[in-house]
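What follows is one structure encoded as structure tokens, with my remarks underneath.
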Amino acid sequence: MTIIVYDGKTLATDRMAIDQDIKQSTQKAWYAQHPSLGKVIISGAGDINKLNDMRNWYLKGADPAKFPKSQMSTPFCQFIVVTKQRGYTSNLLRWEQSPTPITMGEGIYAIGQGSHFAYGAMAMGATAEQAVEVANKFSIFCGLGIDTYTLMEEIKDA
């Protein structure tokens, strides 16, 4: 199970994966180099094989004609990419069963088990990392730590 949270600057995930009835720790997001966009963050919720198919498709240029056939069956994965925008902001895109992304924009976003806990935490001012911490605490489907990713540079005082 998965919790992925984005606060407009940082993407945070839990680390828990379930293999039959055993909890295991895993990475759920990765930095990658896109051919035209540069450094991006890739993540997603769902079957790891489908996520890998989507990641390979995206990093090879996201040709609509080569959209992964595995993604057309259910359950499909929700594939997420965070791209850098205008210097100090980032943009979240989500793919489901189409080669056309759903633009989620620069606002807050949560997906996966525990997302309702994360949205509640962010409504109270929590960062993405803090929201995952809350989901890890209250959802039986999330846990085993937190990873954070950002494309934003620290703004230096002039």
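Model, not experiment: these values are computed from the prediction.
Side-chain contact between Leu11 and Ser43 is present, with heavy atoms from C-beta onward closer than 4.5 Å. Contact of the Tyr149 side chain with the Val82 side chain is not registered, since no non-hydrogen atoms from C-beta on lie closer than 4.5 Å.
A side-chain donor-acceptor contact under 3.5 Å links Asp7 to the backbone of Thr10. The main-chain N or O of Cys77 is found under 3.5 Å from a side-chain atom of Gln71 such that the two form a donor-acceptor pair. The main-chain N or O of Gly145 is found under 3.5 Å from a side-chain atom of Asn136 such that the two form a donor-acceptor pair. A donor-acceptor contact shorter than 3.5 Å is absent between the side chain of Tyr109 and the backbone of Met104.
In the hydrophobic cluster analysis, where Ile, Leu, Val, Met, Phe, Trp and Tyr join through side-chain heavy atoms closer than 4.5 angstrom, Met54 is grouped apart from Tyr31. Hydrophobic cluster membership differs between Ile111 and Phe76, with clusters built from Ile, Leu, Val, Met, Phe, Trp and Tyr side chains linked at under 4.5 angstrom.
Remark: Gln78 CD is packed, more than 12 non-hydrogen atoms of other residues, nucleotides or ligands lying under 6.0 Å away.
Atom-to-atom distance recorded for Ile80:CD1 and Leu51:CG is 9.0 Å, nearest 0.5 angstrom. Atoms CD1 and CZ, on Ile146 and Arg15 in that order, are 11.0 Å from each other to the nearest 0.5 Å.
Contacts classified as ring-ring contact (aromatic ring centres under 6.0 Å, His included) and involving residues 112-137 (residues at least two apart or in different chains) are given here: Phe117-Phe138. Identified under the salt bridge (charged side-chain N to carboxylate O under 4.0 Å, His left out) test for residues 24-53, with sequence neighbours left out: Asp14-Lys28.
Nearest approach of Ala131 to Ala118, heavy atoms of both residues: CB-O, 3.7 Å.
Ring-plane geometry between Trp95 and Phe79 is classed as tilted, the angle between the planes lying from 30 to 60 degrees on a 0 to 90 degree scale.
Residues passing the side chain to side chain donor-acceptor pair (under 3.5 Å) test with Thr127 are Gln130, sequence neighbours excluded.
A donor atom on one side chain and an acceptor atom on the other are found under 3.5 Å apart for Ser90 and Tyr6.
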